[in-house]
Structures are given as C-alpha cells and as structure tokens.
A.B. asks: 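This is the structure I want to talk about, given as structure tokens.
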Amino acid sequence: MSPRRQAAISLALGVAFTARVVGQAVQRWWAVGFLPDQDAWQGSSLPFPALFAAQIVILAIIAVVTIRMSVGANVLPRRWVAPAFAFGVLYFAVMVVRLALGLAGEAGLLGQDSFAAARWFTAYLPTIFHLVLATEVVLIALYQRGHRQRIG
C-alpha cells in the first residue's frame with residue numbers, strides 16, 4: 001500500500017476520532033438531543049478535563065503522523081515498529097473482546113448479574129473509538145515497516 005493511501009486512512013481515522021472528541025465536548029457543554037447522552041461517551045472514571053486533554057494530544061499525534069506519512073517521512077524509530085505492531089494488535093483484540101463480552105452480558109448470555117454487564121464492558125462508544133485508535137497504531141507500524149523496506 002502506498003504511503004499516500006496509508007496517509008488517507010490515517011486521515012479518515014483522525015476525522016473519526018475528532019468526531020468523537022467533538023461529540024463528547026458538545027454533550028458536555030451544550031447538550032443536544034441528536035447525540036448520545038454524556039454518559040454514553042465516558043468509558044472510565046477519568047475526569048473529563050483529563051480525558052479531553054489526552055484526546056487533544058492524541059489528535060495532535062495523529063495529525064503529525066498523517067502529515068509525515070503523506071510526504072513519505074519516518075514516523076517511528078525502527079526499534080519501535082515490532083512493539084508498536086504487537087501493542088496495536090493486542091489493543092484491538094482486547095477491545096473486540098470487551099465489546100463482545102459487553103454485548104453478551106447485556107443480552108443475558110453470560111448469566112444474571114454477569115461481570116460483563118459492568119459499565120466498562122457496556123460503554124460501546126468508547127470501545128468503538130478505542131478500535132479506531134488501535135487501528136491507527138497498527139497502521140503506523142505497518143507504514144513504518146513498509147517505509148523501512150523501501151529506504152533500506
């Protein structure tokens with residue numbers, strides 16, 4: 001896959017994550033009826049100001065990565081490629097299991113009062129956007145692995 005195509009995918013993932021950040025901020029400060037309630041956006045007990053600041057940092061990183069990909073520049077040191085790929089795959093897998101357990105627990109498939117009915121498992125919006133971020137991590141590692149092969 002070409003660096004430009006990978007940059008386009010990174011841009012799409014960044015736009016999706018931006019929509020999440022903006023959606024949650026809108027519900028926090030100017031609640032509107034067409035978006036899910038504020039609680040639906042929150043998947044942890046992290047205070048909103050800390051979460052929002054972390055999300056802005058993540059968006060900045062995605063923006064820098066996307067720009068660097070679009071011009072064919074390095075985005076990771078070579079020694080980080082394999083660990084980043086492994087982390088991204090593990091992150092994605094954990095979020096898929098989280099989603100599956102939440103859906104199964106909410107449907108009662110795991111018994112009454114299952115651990116999977118807990119808030120962390122049934123916070124579907126945050127889980128979906130964690131899948132977006134995990135995909136970005138895998139994309140970065142794949143880009144850099146291919147980039148390394150092209151230059152070395």
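Numbers for residues simply follow the sequence, beginning at 1.
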A.B. asks: Report yes if some heavy atom in the side chain of Leu13 is under 4.5 Å from a heavy atom in the side chain of Ile62; otherwise report no.
C.D. replies: no

A.B. asks: Can you see whether Asp37 engages Gln27 through a side-chain donor-acceptor pair at a distance of less than 3.5 angstrom?
C.D. replies: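 Looking only at side-chain atoms, Gln27 and Asp37 do not form any donor-acceptor pair under 3.5 Å.
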
A.B. asks: Do Tyr124 and Glu106 meet the criterion of a side-chain donor-acceptor pair at a distance under 3.5 Å?
C.D. replies: yes

A.B. asks: To the nearest 0.5 angstrom, please state how far the OG1 atom of Thr18 sits from the CD atom of Gln55.
C.D. replies: 10.0 Å

A.B. asks: Grab the two heavy atoms, one from Gln144 and one from Val75, that are nearest each other, plus how far apart they are.
C.D. replies: OE1-N, 2.6 Å

A.B. asks: Looking at Ala73, is its backbone amide N or carbonyl O close enough to the side chain of Arg68 to form a donor-acceptor pair, meaning the two atoms are under 3.5 Å apart?
C.D. replies: no

A.B. asks: Please report the shortest heavy-atom distance between Thr127 and Leu99, naming the atom on each side.
C.D. replies: CG2-CB, 3.9 Å

A.B. asks: Residues two or more places apart in sequence or in another chain: which of them pass ring pair (Phe, Tyr, Trp, His ring centres under 6.0 Å) with Trp30?
C.D. replies: none

A.B. asks: Mind checking whether Pro126 and Gln42 have side chains closer than 4.5 Å, heavy atoms only?
C.D. replies: no

A.B. asks: Where is the tightest heavy-atom contact between Met69 and Ile140, given as atom of each residue plus distance?
C.D. replies: CE-CA, 3.8 Å

A.B. asks: Distance to the ring centre below 6.0 angstrom and angle to the axis at most 45 degrees; does that hold for Arg20 and Trp41?
C.D. replies: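 Verdict for Trp41: no cation-pi partner in Arg20.
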
A.B. asks: How about Arg119: does its CZ atom have over 12 heavy atoms from other parts shown lying under 6.0 Å from it?
C.D. replies: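 More than 12 within 6.0 Å, yes.
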
A.B. asks: Under 4.5 Å between any side-chain heavy atoms of Leu133 and Val137, yes or no?
C.D. replies: no

A.B. asks: Could you tell me which non-hydrogen atom of Ala134 sits nearest to which non-hydrogen atom of Gly88, and how far apart they are?
C.D. replies: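 Where Ala134 meets Gly88 most closely, the heavy atoms are CB-O, 3.9 Å.
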
A.B. asks: Can Leu11 be reached from Phe129 by stepping across I, L, V, M, F, W or Y side chains whose heavy atoms are under 4.5 Å apart?
C.D. replies: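 Phe129 and Leu11: separate clusters.
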
A.B. asks: Just checking Phe48 against Trp29, ring centres under 6.0 Å apart?
C.D. replies: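 Yes, they do, as the ring centres are separated by less than 6.0 Å.
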
A.B. asks: Testing the basics here: between Val81 and Leu76, what is the closest heavy-atom pair and its distance to 0.1 Å?
C.D. replies: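 In this case the closest contact between Val81 and Leu76 is CA-CD1, 4.3 Å.
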
A.B. asks: Verify, without hydrogens or angle tests, whether Ser10 (side chain) and Gln6 (backbone) share a donor-acceptor contact under 3.5 angstrom.
C.D. replies: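 Judged by distance alone, no pair lies under 3.5 Å.
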
A.B. asks: First locate atom CG of Leu35, then atom CG of Leu125, and finally report the distance between them rounded to the nearest 0.5 Å.
C.D. replies: 9.5 Å

A.B. asks: Looking at Trp120, is its backbone amide N or carbonyl O close enough to the side chain of Arg98 to form a donor-acceptor pair, meaning the two atoms are under 3.5 Å apart?
C.D. replies: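 A pair under 3.5 Å: yes.
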
A.B. asks: Please report the shortest heavy-atom distance between Ser70 and Ile67, naming the atom on each side.
C.D. replies: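 Shortest heavy-atom contact: OG-O, 2.7 Å.
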
